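Have a look at the structure below before the remarks.
Here the structure is a predicted model, which means the values were calculated and not measured.
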Amino acid sequence: MSAIVKCLMAGFAGLAVATRAAAESWSRFSSSDRTVYLVDLDALTPVEGVVTTRLARVPAQGPATDLSRETEEVMVRCSDGQSRSGASVTYDASGAETDRYSEDTPWEAPPNGGVYGAIKSFACDNMRPESKSWPTIPAFIEDGRGK
C-alpha cells in the first residue's frame with residue numbers, strides 16, 4: 001500500500017473516531033420540582049480507567065424557547081469508585097454560553113444515591129436510565145422537557 005493511501009485511511013479512521021466522540025445521547029435520570037438531570041450516555045466509555053461524561057441541569061419548567069441550562073463534566077474511576085467534577089458550562093435562555101469554569105475537585109467517593117451516585121452506577125455498573133434519549137439538550141427542552 002502506498003504511503004498516500006495509508007495516510008488517507010488513517011485520516012478517515014481518525015474522522016470516524018472524532019465523529020463518534022462528538023455524538024450525544026442525553027437521557028433524563030432524575031428530577032426535582034425545579035431541576036431535571038440528564039446524562040450524556042454516549043460519553044460513558046472508559047479511557048485509561050476513567051469514565052468522563054457530562055451531567056446536565058435543566059430547569060423543570062419553562063417555555064420551549066428557554067434553552068437555559070448548565071452542563072458539568074463528571075469523571076469516575078471505577079477501580080476505586082471515586083469521582084470528581086471538571087469543567088462546568090452555563091447557557092442562557094437563548095442557548096448561548098455565558099460562563100465556563102473548571103472546579104478541579106479532588107477524587108472522592110460519591111454518596112450512595114443522589115445525582116453523583118447515579119452517574120457512578122451508569123459509568124461502573126453499566127446501568128442506564130429507563131427513559132427516552134435526545135440528541136441534544138435543546139431537543140429535550142423542545143420536546144417538553146421529558147414530560
Starting at [atom1] of [X], measure out to [atom2] of [Y] and round the result to the nearest 0.5 Å.
X: Arg84; Y: Arg77; atom1: CZ; atom2: CZ; value: 7.5 Å
X: Arg128; Y: Ser121; atom1: CZ; atom2: OG; value: 10.5 Å
X: Thr52; Y: Met75; atom1: OG1; atom2: CE; value: 6.0 Å
X: Thr35; Y: Arg69; atom1: OG1; atom2: CZ; value: 14.5 Å
X: Lys120; Y: Met127; atom1: NZ; atom2: CE; value: 11.0 Å

Inset, instruction - Using side-chain contact (heavy atoms from CB on, under 4.5 Å) as the criterion, list what pairs up with Pro59, not counting sequence neighbours. - result: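 Applying side-chain contact (heavy atoms from CB on, under 4.5 Å) to Pro59 gives Ser68, Arg145.
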Inset, instruction - Answer yes or no: is there an ion pair linking Lys132 with Asp143, defined by an N-O contact shorter than 4.0 Å? - result: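 Judged by the 4.0 Å cut-off on N to carboxylate O distance, Lys132 and Asp143 do form a salt bridge.
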Inset, instruction - Decide, yes or no, whether a salt bridge links Glu73 with Arg54 under the criterion of side-chain N to carboxylate O below 4.0 Å. - result: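 Salt bridge: no.
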Inset, instruction - For the residue pair Thr98 and Thr90, confirm or rule out a side-chain donor-acceptor distance under 3.5 Å. - result: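 Looking only at side-chain atoms, Thr90 and Thr98 do not form any donor-acceptor pair under 3.5 Å.
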Do you know the tightest heavy-atom contact between [X] and [Y]?
X: Ala23; Y: Asp42; value: CB-OD2, 3.4 Å
X: Ser25; Y: Ser133; value: OG-CB, 3.3 Å
X: Pro110; Y: Gly81; value: CD-O, 3.2 Å

Inset, instruction - Step by step, work out the side-chain contact (heavy atoms from CB on, under 4.5 Å) result for Val76 and Ile119. - result: CA-CA 8 Å; Val76 180; Ile119 296 288; 4.0 Å; yes
Legend entry - Close side-chain approach of Ser88 and Glu103, heavy atoms under 4.5 Å: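 When only atoms from C-beta onward are counted, Glu103 and Ser88 do touch, with a gap below 4.5 Å.
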Inset, instruction - Would you check if Val39 and Leu55 make a side-chain contact, meaning some heavy-atom pair closer than 4.5 Å? - result: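 No, their side chains stay 4.5 Å or more apart.
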Inset, instruction - Please go through Leu38's hydrophobic cluster and name the other residues, only I, L, V, M, F, W, Y counting, with side-chain heavy atoms under 4.5 Å joining them. - result: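 Once heavy-atom contacts under 4.5 Å are chained together, Leu38 belongs with Trp26, Val36, Val58, Leu67, Trp134, Ile137, Phe140, Ile141.
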Legend entry - Sequence-distant partners of Ser85, side chain to side chain donor-acceptor pair (under 3.5 Å), two or more places apart: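 Result, side chain to side chain donor-acceptor pair (under 3.5 Å) vs Ser85: Glu72.
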Inset, instruction - Take atom CG of Asn112 as the centre, draw a 6.0 Å sphere, and report whether it contains more than 12 heavy atoms from other residues, nucleotides or ligands. - result: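 No, because the 6.0 Å sphere around CG of Asn112 holds 12 heavy atoms or fewer from other groups.
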Legend entry - Neighbour count above 12 (heavy atom, 6.0 Å) for Glu130 CD: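 No, CD of Glu130 has 12 or fewer neighbouring heavy atoms, counting only those of other groups under 6.0 Å.
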Legend entry - Cluster check Leu41, Val51: I/L/V/M/F/W/Y, side chain < 4.5 angstrom: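 In one cluster: yes.
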Inset, instruction - Using the six-membered ring wherever Trp is involved, compare the ring planes of Phe29 and Tyr37 and label them parallel, tilted or perpendicular (cut-offs 30° and 60°). - result: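 Tilted, since the angle between the ring planes falls between 30° and 60°.
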Inset, instruction - Under the side-chain contact (heavy atoms from CB on, under 4.5 Å) rule, what do Val89 and Asp99 come out as? Steps first, then yes or no, please. - result: CA-CA 6 Å; Val89 182; Asp99 192 21; over 6 Å; no
